[in-house]
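Here is the structure we will look at.
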Amino acid sequence: MEIKRDIEIDIKKTVENSVCGNEEFHFYVDELTSKDYMPTYAGEADEKYSFDEMDEEFFRFLNQKAIKDGIYIRLVYATASERDGEAVFELEYGGNREVFKTRDIDDVLVFEFADFGVKVKGNSVTFGATIDGGCAHTPYFAEFGSSKANDEFISLENPLNQRIIKIMEGMIK
């Protein structure tokens, strides 16, 4: 399973396709620093754009950022719980809602909430997730299969991640 691909991506269409309307996230795209941290959370980009301002200037800005440092596009928002020996994940993406269940509790992390998406830098698209940087740190992007977070969260063996990667493949335009 590939987690990184060189493809032509239409950032505008992908962003428009990604918006699921969840009020938890008022930004569906984040700027990335050269170390994959998200300055939006630190307030540097916080006041630049709201969803209503996603106009042509906004997408020109995103295209420039994607070439220079990279951007993170949220595609799937998830919440989770454990019920009757199953991990139950509620997934929101592109205006859709889906429940994903697995009995492979040892292979998944049951989290309060998480988001999954893609890092776009140039023509390179990498599947991954937002990871909490810890106390007093901003979140950062971590690719699936990396050693940047606990094994259950971004493992390629994780059945949830396998489902999420399939969802995200269909959302990239």
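Bear in mind the structure is a predicted one, so any value in this text is a computation, not a measurement. Worth knowing before you read on, the calculation uses all heavy atoms, side chains too, and leaves out hydrogens, waters and symmetry mates.
- Side-chain contact between T126 and F141 is present, with at least one heavy-atom pair separated by less than 4.5 Å.
- Under the 3.5 Å distance criterion, the side-chain polar atoms of Y93 are left unmatched by any main-chain donor or acceptor of M171.
- No donor-acceptor distance shorter than 3.5 angstrom exists from the side chain of Y140 to the backbone of K35, with no hydrogens or angles considered.
- When hydrophobic clusters are built by joining Ile, Leu, Val, Met, Phe, Trp and Tyr residues whose side-chain heavy atoms come closer than 4.5 Å, directly or via intermediates, V88 is not grouped with L109.
- For F116 against A129, the heavy-atom pair with the smallest separation is CD2-CB, 3.7 Å.
- Taking 4.5 Å as the limit, every side-chain heavy atom of K148 sits out of range of all side-chain heavy atoms of I131.
- Smallest separation of non-hydrogen atoms from A78 and L91: CB-CD2, 3.6 Å.
- No side-chain donor-acceptor contact under 3.5 Å links E152 and N158.
- The line from NZ of K121 to NZ of K65 is 10.0 Å long, rounded to the nearest 0.5 Å.
- The two residues D107 and P159 have their closest heavy-atom pair at CB-CD, 4.0 Å.
- A distance-only check finds a donor-acceptor pair linking the side chain of N161 to the backbone of S155 [under 3.5 Å].
- Within 6.0 Å of the CD atom in E157, the count of heavy atoms belonging to other residues, nucleotides or ligands does not exceed 12.
- Within the 4.5 Å cutoff, no side-chain heavy atoms of I167 are placed close to those of L75.
- Without hydrogens or angle criteria, S146 side chain to E143 main chain gives a donor-acceptor distance under 3.5 Å.
- For the atom pair OG1 (T130) and CZ (F113), the distance works out to 10.0 Å, reported to the nearest 0.5 Å.
- Looking at M38 and L32, their side chains come closer than 4.5 Å, going by heavy atoms from C-beta outward.
- More than 12 heavy-atom neighbours from other residues, nucleotides or ligands sit within 6.0 angstrom of CG on N150.
- Between F153 and F111, the two ring planes are perpendicular [angle over 60°; tilted spans 30° to 60°].
- Paired with K173 under the rule side chain to side chain contact (heavy atoms under 4.5 Å, CB included), one option of I9, V15, T14 passes, and it is T14.
- Heavy-atom minimum distance, V108 versus A87: CG2-CB, 3.8 Å.
- You'll find the side chain of T102 stays beyond 4.5 Å of the side chain of L160, heavy atoms only.
- Rounding to the nearest 0.5 Å gives a distance of 15.0 Å between CZ of F127 and CD1 of I154.
- Contact annotation: the side chain of N123 approaches that of E8 to within less than 4.5 Å [non-hydrogen atoms, C-beta and beyond].
- Note that CZ of F89 and CD of E82 are 9.5 Å apart. Values are rounded to the nearest 0.5 Å.
- Distance check: K68 NZ to T33 OG1 gives 10.5 Å after rounding to the nearest 0.5 Å.
- A search for side chain to side chain contact (heavy atoms under 4.5 Å, CB included) contacts involving E90 returns T79, R83, V99, not counting sequence neighbours.
- Of the possible donor and acceptor atoms, one in the side chain of N63 sits under 3.5 Å from a partner among the backbone N and O of F59.
- Rounded to the nearest 0.5 angstrom, R60 CZ and Q64 CD are separated by 8.5 Å.
- Note on V76: it clusters hydrophobically with L156, by side-chain heavy-atom contacts below 4.5 Å among ILVMFWY residues.
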